[in-house]
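Order of the sequence lines fixes the chain letters, A, B, ..., with proteins taken first and strands second; residue numbering starts at 1 for each chain.
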Amino acid sequence: MYPIMEKKKLSENVKLMKIEAPQVAKKAKAGQFIILRIDEKGERIPLTITDFDRDKGTVTIIFMEVGKTTKQLGTLAIGDKLLNFVGPLGLPSDIENYGTVVCIGGGVGTAPLYPIIRELKKVGNHVISILGARNKSLLMLEEEIKEYSDEFFITTDDGSKGHKGFVSDVLQKLIDDGKDIKIVWAIGPVIMMKVVANLTKKYDLKTIVSLNPIMVDGTGMCGGCRVTVDGKIKFACVHGPEFDGHKVDFDNLMLRNRRFMKEEEHACKIAGVKI
Amino acid sequence: MAVKKEKHPMPEQDPKERIKNFNEVPYGYSKETAIEEAKRCIQCKNRPCTKACPVEVDIPDFIKELAAGNIDKAVEVLKSKTALPAVCGRVCPYENQCEGKCTLLKLGEPVGIGRLERFLADYERKKGVKKPKKAKPTGKKVAVVGAGPAGLTCAGDLAKMGHGIVVYEALHAPGGVLMYGIPEFRLPKEIVHAEVDFIKSLGVEIRYDMVVGKTITVQELLDEYDSVFIGTGAGLPNWLNIPGESLDGVYSANEFLTRVNMMKAYDFPHHCTPCTVGNVAATFGAGNVAMDCARTALRMGAKKSYIIYRRTEKEMPARNEEIHHAKEEGIIFKLLTSPVEFIGDDKGKIKAVKCIEMKLGEPDDSGRRRPIPIPDSKFSIEIDTALVAIGQSPNPLVPQSMKELVTEKWGNLKVDENSQTTVPGVFAGGDIATGAATVILAMGAGKRSARSINKFIMSKKSK
Ligand SMILES: Cc1cc2nc3c(=O)[nH]c(=O)nc-3n(C[C@H](O)[C@H](O)[C@H](O)COP(=O)(O)OP(=O)(O)OC[C@H]3O[C@@H](n4cnc5c(N)ncnc54)[C@H](O)[C@@H]3O)c2cc1C
Ligand code: FES
């Protein structure tokens, strides 16, 4: 059993939790994820690791309450225990000194981006961070990310904070200004990653995206997490979750992520939670 | 008295009823029928059945005790060679093993060895299983990776020898394929739990949520334990590699069966994991896994469930009993048919499969006649769900996490005649070493490995 040590509300439906899981904390690296199951009847869901504390043996997760399981998770309190918490899964990010890197986080995608930014900074990169959200209340980890960024930008769709518009606008400007960008990390909604990848492809600018397909086991056994990369089937849980954004079939990922939409709505209705 | 030509029939759930539930199909023999069936054995001298059993169960001996009404003694003889009789008595391919060599075949049907094994195991379970004697603790420790039949058997045998055993399992439940793959109606999960409880009663500890290669490495296990056994199975699904395989509604057999069996999607939304089949399901392949998929699809509400296979019934790898049960339940067999493309609707959901008719040509390497496409014979079948059950490859996670572990052509771990891998002290067995095979072969490998490991650790200093 894995107790919840800390819980924080980051915005209307986004929560942060620290879970005690020493065996995961000991091995966790930026870019990896965990799979959790709340109780005996629970579904196994993947969540990317936001942070870890090897001394305290805790792993931090941030999640948006979108489906039945994340909503149920949101109702748990400090001291409650999760039945299963497996990880760290997937391959860690390739952290090295590239020179100048741009890290783009959209919505809750900012959460898994944070440890990547931190590690990239630690090895000496010039880190430019761009955080985007629909509005100001949905932004997260601003202070934490600022601390490890050499340049820092915010965009909101409604202009309630920072640049009014999309993360890709800022990226376009950086490119136009002639910044010597070596690599881009983009993590967020599938549509955001697709837009960024399409933009950087024009400039042949390497772009890493982190994919979040529906998973079951997380060990390469079921193939439910398969994504099409460079025309080939890849399992996000073992070959990913990070892939070359120029090779990912984002449209297929969007379709596959809607696989159980109807059932999920039904389950939420029965459980009395709103989707 | 002349020997009865046929096996005593085993009562079963009516096909029309059973496709609406997940309860076990056969009910098993009564004590009286079991004894009568045991009496059919002529106790022939050359014991072909035992020779054909991968773990060499003393079949004529347990049958003799059973025929004489000494049920406890019969159980004892049976269990001295197999750790999971209630499982094997349900899923072993008897027709290729013990029953396939029975002398009675010259006369008619073989002795129902599988049914007798099942009876004895169930009898003992209901009565309460006796704990076997354990050897004195040796102070040696072994880590077992994977709680499938290979790992569990190896763990149980080593524990009986007095060693301290910890099993590291990636999932949240034990049993491997027995739990996530083989459906409830063929192997009730209660039985798997009982077998696992027995192994735990020997002092074996099972740690879940431990993905070896990720949560902990083989090297770390080697540092802590005297030896390591790898039984991680063949969990990597194979694909057809045809267009449309990523459409919504196309599942690997593993995903479909795991959702339904281990995650209990048949009880959705009470259990939280969803899985839907719609009205028409098509399963590709014709092994046990395929039969399980097609029959599970019916129970999940499909009105029509196809098996689509590119060869003929003769080449189907599934057990006879599975094919027989599938037919009884109304599964539609489309033989000499191969899929060429999955077709989706505008929302990316599957709506049909395009197939081509085949004919059989010359035998290939496997000795089976090679299927060849017939030109201009393409046609489509409308379906809501496609289940791809064309085989599994060894799980690459552990081999990839330690480069000293050498693999062979199919990704299986290379082992020597003592089941030792290319890393001294690390042994392997079951599907990870052989490629996808059977429960009994995995168990046999677990047993042999336990003997090798015992020899290995007793000849070196304890950790
Ligand atoms: C649907 C289906 C039906 C079948 N029907 C039959 C049948 O009727 N008769 C028959 O004889 N055989 C049947 N088989 C085959 C049989 O189940 C297998 O051959 C057998 O289970 C292999 O045993 P194993 O112990 O090698 O591996 P598995 O049973 O695959 O067990 C491996 C275990 O290791 C765990 N694991 C994997 N990777 C890791 C890791 N990195 N760290 C920790 N743990 C890990 C897995 O989670 C799993 O629990 C069937 C298989 C399937 C899929
Ligand atoms: S989640 Fe099952 S293979 Fe990736």
Side-chain angles (χ1 to χ4, degrees), chain A residues 2 21 23-24 26-27 32 34-45 67-69 72 83-90 214 216-228 232-233 235 238 249 251-264 266-271, chain B residues 170-173 176-177 180-181 207-217 220 232-239 241 245-259 262-265 267-276 344 347-349 388 392-393 395-398 400:
Chain A
Y2 306 86
Q23 72 211 29
V24 184
K26 194 171 149 203
K27 290 291 168 67
Q32 292 184 298
I34 57 94
I35 283 190
L36 65 79
R37 193 169 73 122
I38 298 175
D39 55 30
E40 212 39 71
K41 298 200 165 70
E43 191 177 6
R44 293 170 66 98
I45 61 156
K68 187 178 173 206
T69 302
Q72 191 189 345
L83 187 54
N84 300 102
F85 196 85
V86 202
L89 300 169
I214 295 169
V216 184
D217 57 300
T219 66
M221 180 270 277
C222 76
C225 65
R226 66 194 184 277
V227 289
T228 312
K232 291 190 203 75
I233 289 180
F235 291 1
V238 287
D249 182 342
D251 296 337
N252 183 240
L253 176 63
M254 278 186 250
L255 292 174
R256 287 190 61 78
N257 275 352
R258 283 204 289 267
R259 287 204 288 158
F260 299 107
M261 202 86 112
K262 258 207 301 229
E263 290 72 30
E264 190 80 15
H266 176 63
C268 287
K269 216 184 303 161
I270 288 188
Chain B
L171 295 172
H172 59 256
V177 167
Y180 74 70
R207 292 189 193 153
Y208 300 104
D209 299 343
M210 291 299 242
V211 183
V212 172
K214 295 283 175 191
T215 315
I216 190 164
T217 61
E220 285 169 301
T232 48
L236 183 72
N238 296 343
W239 299 101
N241 293 315
E245 212 159 14
S246 289
L247 288 168
D248 177 4
V250 182
Y251 295 85
S252 75
N254 276 0
E255 181 183 3
F256 179 66
L257 293 171
T258 302
R259 283 181 177 273
M262 193 170 80
M263 306 310 296
K264 305 200 163 56
D267 187 32
F268 182 83
H270 190 52
H271 277 79
C272 301
T273 306
C275 189
T276 44
K347 293 196 187 70
K349 172 110 184 57
V388 180
Q392 279 98 231
S393 306
N395 194 318
L397 223 157
V398 171
Q400 279 171 6

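- Atom OG1 of B:Thr258 is separated from atom CG of B:Leu171 by 7.5 Å, given to the nearest 0.5 angstrom.
- No other option in A:Lys232, A:Gln23, A:Arg37 has as many heavy-atom pairs under 4.5 Å with chain B as A:Arg37.
- Remark: A:Lys27 engages B:Glu220 in a salt bridge (charged side-chain N to carboxylate O under 4.0 Å, His left out) (not counting sequence neighbours).
- Only the side chain of B:Leu397 has a heavy atom closer than 4.5 Å to any heavy atom of chain A.
- Rounded to the nearest 0.5 angstrom, B:Phe268 CZ and B:Cys275 SG are separated by 10.5 Å.
- Proximity to chain B (any heavy atom under 4.5 Å) is restricted, for A:Lys26, to the side chain, taken from C-beta onward.
- Side chains of A:Tyr2 and A:Asn84: a donor-acceptor N/O pair is absent below 3.5 angstrom, by distance only.
- Ranked by heavy-atom pairs shorter than 4.5 Å toward chain B, the options A:Asp249, A:Asp217, A:Ile233 are led by A:Ile233.
- In this structure, no portion of B:Val388 lies under 4.5 Å from any heavy atom of chain A.
- The part of A:Ile214 that comes within reach of chain B is its side chain, from C-beta onward, which places non-hydrogen atoms under 4.5 angstrom from that chain.
- Of the N and O atoms on the side chains of B:Asn395 and A:Thr219, not one donor lies less than 3.5 Å from an acceptor on the other residue.
- Ranking B:Met210, B:Glu255, B:Arg259, B:Met263 against chain A, the residue ahead of the rest is B:Glu255, based on heavy-atom pairs under 4.5 Å.
- Contact of B:Tyr180 with chain A is made through the side chain alone, with heavy-atom distances under 4.5 Å.
- Contact of A:Phe85 with chain B is made through the backbone alone, with heavy-atom distances under 4.5 Å.
- Here the side chain of B:Thr215 pairs a donor or acceptor atom with the backbone of A:Gly87 at under 3.5 angstrom.
- Closest approach of B:Ala173 to B:Tyr208, counting heavy atoms only: C-CE2, 3.6 Å.
- For the options B:Lys347, B:Gln400, B:His270, heavy-atom pairs under 4.5 Å to chain A are most numerous at B:His270.
- With a threshold of 4.5 angstrom between heavy atoms, A:Ile45 does not approach chain B through any atom at all.
- Within the 4.5 angstrom heavy-atom criterion, atoms from both the backbone and the side chain of B:Ser246 approach chain A.
- When A:Ala21, A:Gly90, A:Gly218 are compared by the number of non-hydrogen pairs under 4.5 Å with chain B, A:Gly90 comes out ahead.
- Considering all non-hydrogen atoms of both residues, B:Ser393 and B:Asn238 come closest at OG-OD1, 2.7 Å.
- Using a 4.5 Å cut-off between heavy atoms, A:Asn252 contacts chain B through its side chain alone, with no backbone atom that close.
- Using a 4.5 Å cut-off between heavy atoms, B:Leu257 does not touch chain A at all.
- Neither the backbone nor the side chain of B:Lys264 comes within less than 4.5 Å of any heavy atom in chain A.
- Annotation: the span from A:Lys68 atom NZ to A:Glu43 atom CD amounts to 9.0 Å, rounded to 0.5 Å.
- Looking at B:Gln392, there are no atoms closer than 4.5 Å to chain A (heavy atoms on both sides), in backbone or side chain.
- Neither the backbone nor the side chain of B:Lys349 comes within contact range of chain A; no heavy atoms are under 4.5 Å apart.
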